[in-house]
S.K.: 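What follows is a structure written as structure tokens; I'll ask about it next.
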Amino acid sequence: MTRRGFLAASSATLMMPMGMAAPIPDILFPASNQPYADSSLIDWSYGMRPLFCIAYIDPGIKSQQGQEEQVAKYPIALVPQDDRAHFRWWRERVRRLNPNIKMLAYQMVIEETTVPGPGHDVMRSAENSWFHRGGISPTVTYRTSTSAKRKRIFDPRLDEWQEKFLSACDKTLRSDDYAGIFLDQCTIYRSIIRNPIVYREMTDALQQTLLALRERHPSKIIIGNSRDSWLGLNGEMNESRPKDLKKETRILPDRGSSRLELFHYYMQNHHDTEAARKLFLLALKNKAFFGVNVNAQTVREYKFIDEVLDDYIIKAS
């Protein structure tokens, strides 16, 4: 059965049997209503241009303002879950410009975060959900040119974490008209979880929690930022790791045929279009939606995108 046929045949409201990823219902991708819909476009892109943007924009910061029209040109956008008034206004402004845009709310999974939002507020209320090794809580460190931040990691084997995470996703998805959720750091760190037994236990616990999330939200798009392939998710995002793209986007026998894979490239600068063009072709070859920008707060459209798509037409099967 073709991917398009699989979608047309499925209107499931419950989780698929263990071993298959939940389908993306047609209602989320009504091809006839898409601004770039064309039955002869690309047979795996649900009638949309296979593009997305990372738009972690704070409309209260002057340097990030005025990008609503650029964001609205993309069929899928990863956006902050922040529910303060100026963020809600910003999302509504984008939706007015493109009523068909699919916004996926950003939700951290395995690390503590200072990012505002209703789901993150729930996770910050966790008291006994940290991973401990040898009496300490290991951290991951993020360095910039001016600072270094340490973040503790959660232990998904713990009941409190599972309850908080599911509640956080519920609250985020209820807080606005999101098409789905983007799960950042949806992984278990091998560099920190060195005991293979513990690593497997944590991986299994995270997997079961993701399946529970899918059961709660059968019609939402759920994407993970991960090298791993998870049951219950519609796909994962590969972030600037082109050598791994073929392996990570392959259709596994137990994943089903309904997939929404993302591949993102951070350009060196706005003139880094030749490398971006080649990577866009790589994304198309591996049936992945493509995103490109210089940082997560800047959204633009680039001429090479339309040039590549003009030459990349596949007749729908």
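All values derive from a computational prediction rather than experimental measurement.
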S.K.: Quick one: pull up CE in Met48 and CG in Asn100 and give me the separation to the nearest 0.5 Å.
M.R.: 9.5 Å
S.K.: Just so I know, are the side chains of Thr249 and Lys287 near enough to count as touching, which here means a heavy-atom distance under 4.5 Å?
M.R.: no
S.K.: Pairing donors with acceptors under 3.5 angstrom, does anything connect the side chains of Arg214 and Asn234?
M.R.: yes
S.K.: Verify the neighbour count for atom CD of Glu92: are there more than 12 heavy atoms of other residues, nucleotides or ligands below 6.0 Å?
M.R.: yes
S.K.: For the pair Arg250 (side chain) and Lys247 (backbone), establish whether a donor and an acceptor sit closer than 3.5 Å, ignoring hydrogens and angles.
M.R.: yes
S.K.: Taking side chain as C-beta onward, heavy atoms only, is Ile110 less than 4.5 Å from Asp184?
M.R.: no
S.K.: Has Ile197 got more than 12 heavy atoms of other residues, nucleotides or ligands less than 6.0 Å from its CD1?
M.R.: no
S.K.: Any non-hydrogen side-chain atom of Arg259 less than 4.5 Å from a side-chain atom of Trp44?
M.R.: no
S.K.: Under 4.0 Å between a Lys/Arg side-chain N and an Asp/Glu carboxylate O for Arg227 and Glu236?
M.R.: no
S.K.: Side chains of Glu111 and Tyr189: any donor to acceptor distance under 3.5 Å?
M.R.: yes
S.K.: Would the distance check show the side chain of Tyr199 and the main-chain N or O of Arg194 forming a donor-acceptor pair, the cut-off being under 3.5 Å?
M.R.: no
S.K.: Within the structure provided, determine whether Phe154 and Phe131 are in side-chain contact (heavy-atom separation under 4.5 Å).
M.R.: no
S.K.: Carefully, step by step, assess Ile222 and Leu210 under the rule side chain to side chain contact (heavy atoms under 4.5 Å, CB included).
M.R.: CA-CA 9 Å; Ile222 308 177; Leu210 294 174; 5.8 Å; no
S.K.: Do Glu160 side-chain atoms and Asn128 backbone N/O form a donor-acceptor pair below 3.5 Å?
M.R.: yes
S.K.: State whether the number of non-hydrogen atoms from other residues, nucleotides or ligands found under 6.0 Å of Lys171 atom NZ is greater than 12.
M.R.: no
S.K.: What pair of heavy atoms forms the shortest contact from Tyr265 to Ser240, and how long is it?
M.R.: CA-OG, 3.6 Å
S.K.: Could you go through Val294 and Tyr266, starting from their C-alpha distance and side-chain angles, then the distance that decides it, and tell me whether this counts as side chain to side chain contact (heavy atoms under 4.5 Å, CB included)?
M.R.: CA-CA 5 Å; Val294 295; Tyr266 283 107; over 6 Å; no
S.K.: Within a 6.0 Å radius of atom CZ on Arg190, are there more than 12 heavy atoms belonging to other residues, nucleotides or ligands?
M.R.: no
S.K.: For Ile223 and Ile221, work out which heavy atoms get closest and say how close.
M.R.: CG1-CG2, 3.9 Å
S.K.: Is any side-chain heavy atom of Asn293 closer than 4.5 Å to one of His264?
M.R.: yes
S.K.: Can you give me the closest heavy-atom contact between Trp230 and Thr187, atom names plus distance?
M.R.: CZ2-CA, 4.3 Å
S.K.: If you group Ile, Leu, Val, Met, Phe, Trp and Tyr by side-chain heavy-atom gaps below 4.5 Å, do Val115 and Ile153 land in one group?
M.R.: no
S.K.: Between Gln297 (side chain only) and Asp58 (backbone N and O only), is there a donor and an acceptor less than 3.5 Å apart?
M.R.: no
S.K.: Out of curiosity, does Phe87 fall in the hydrophobic cluster containing Val71 (side-chain heavy atoms, cut-off under 4.5 Å, transitive links)?
M.R.: no
S.K.: Can a donor-acceptor pair be found between the side chains of His120 and Tyr106 at a distance below 3.5 Å?
M.R.: no
S.K.: So how far is it from Asp204 CG to Glu201 CD, rounded to the nearest 0.5 Å?
M.R.: 8.0 Å
S.K.: Which heavy atom of Gly224 sits nearest a heavy atom of Cys186, and at what distance?
M.R.: CA-CB, 4.1 Å
S.K.: Restricting to non-hydrogen atoms, name the atom on Asn225 and the atom on Glu239 that form the minimum distance, rounded to 0.1 Å.
M.R.: ND2-OE1, 3.1 Å
S.K.: Are Trp89 and Ile101 connected in a single hydrophobic cluster, I mean Ile/Leu/Val/Met/Phe/Trp/Tyr linked by side-chain heavy atoms less than 4.5 Å apart?
M.R.: yes
S.K.: Please step through side chain to side chain contact (heavy atoms under 4.5 Å, CB included) for the pair Phe263 and Leu279, ending with a clear verdict.
M.R.: CA-CA 9 Å; Phe263 174 53; Leu279 291 174; 3.8 Å; yes
S.K.: Should Met108 and Ile192 be counted in the same cluster of Ile, Leu, Val, Met, Phe, Trp and Tyr side chains packed under 4.5 Å apart?
M.R.: yes
S.K.: Charged N to carboxylate O below 4.0 Å: is that the case for Asp170 and Arg216?
M.R.: yes
S.K.: Please determine, by modelled atom types, if His132 and Ser137 share a side-chain donor-acceptor pair under 3.5 angstrom.
M.R.: yes
S.K.: Could you measure the distance from the OH atom of Tyr56 to the CG atom of Leu78? Nearest 0.5 Å is fine.
M.R.: 4.5 Å
S.K.: Kindly indicate whether the side chain of Arg277, heavy atoms from C-beta on, has any atom under 4.5 Å from the side chain of Val292.
M.R.: no
S.K.: Looking at Arg91 and Asp82, is any side-chain nitrogen of the basic one under 4.0 Å from a carboxylate oxygen of the acidic one?
M.R.: no
S.K.: Are any of the side-chain nitrogens in Arg49 or Asp306 under 4.0 Å away from the carboxylate oxygens of its partner?
M.R.: yes
S.K.: Flag the pair Cys169 / Val122 as yes when at least one side-chain heavy-atom distance between them is below 4.5 Å, and no otherwise.
M.R.: no
S.K.: For Phe290, which of Phe280, Tyr74, Tyr302 qualifies under ring pair (Phe, Tyr, Trp, His ring centres under 6.0 Å)?
M.R.: Phe280
S.K.: More than 12 heavy atoms of other residues, nucleotides or ligands under 6.0 Å from CZ of Arg150: is that the case?
M.R.: no
S.K.: First locate atom OG1 of Thr273, then atom CD of Gln268, and finally report the distance between them rounded to the nearest 0.5 Å.
M.R.: 12.5 Å
S.K.: Within a 6.0 Å radius of atom CZ on Arg241, are there more than 12 heavy atoms belonging to other residues, nucleotides or ligands?
M.R.: yes
S.K.: Rounded to the nearest 0.5 Å, how far apart are CD of Glu248 and CG of Asp228?
M.R.: 8.0 Å
S.K.: Can you measure from CG (Leu104) to CG (Leu173) and round to the nearest 0.5 angstrom?
M.R.: 9.5 Å
S.K.: Below 4.0 angstrom, N of the basic side chain to O of the carboxylate: do Glu112 and Lys151 qualify?
M.R.: no
S.K.: For the hydrophobic clusters of this structure (ILVMFWY residues joined by side-chain heavy atoms under 4.5 Å, transitively), does one cluster hold both Leu233 and Leu166?
M.R.: yes
S.K.: What heavy-atom pair brings Ala205 and Pro156 nearest, and what distance separates the two atoms?
M.R.: CB-O, 3.3 Å
S.K.: State whether the side chain of Ser167 and the backbone N or O of Lys164 hold a donor-acceptor pair below 3.5 Å, judged by distance alone.
M.R.: no
S.K.: Would you say the side-chain atoms of Asn98 pair up with the backbone N or O of Ala72, donor to acceptor, closer than 3.5 Å?
M.R.: yes
S.K.: Can Asp155 and Leu158 be said to form a side chain to side chain contact (heavy atoms under 4.5 Å, CB included), step by step?
M.R.: CA-CA 6 Å; Asp155 188 337; Leu158 301 175; 3.8 Å; yes
S.K.: Can you check whether Gly119's main-chain N or O pairs, donor with acceptor, with Thr172's side chain at less than 3.5 Å?
M.R.: yes
S.K.: Given side chains that start at C-beta, do those of Thr113 and Gln107 come closer than 4.5 Å, heavy atoms only?
M.R.: no
S.K.: If the threshold is 4.0 Å, N to carboxylate O, is there a salt bridge linking Arg96 and Glu68?
M.R.: no
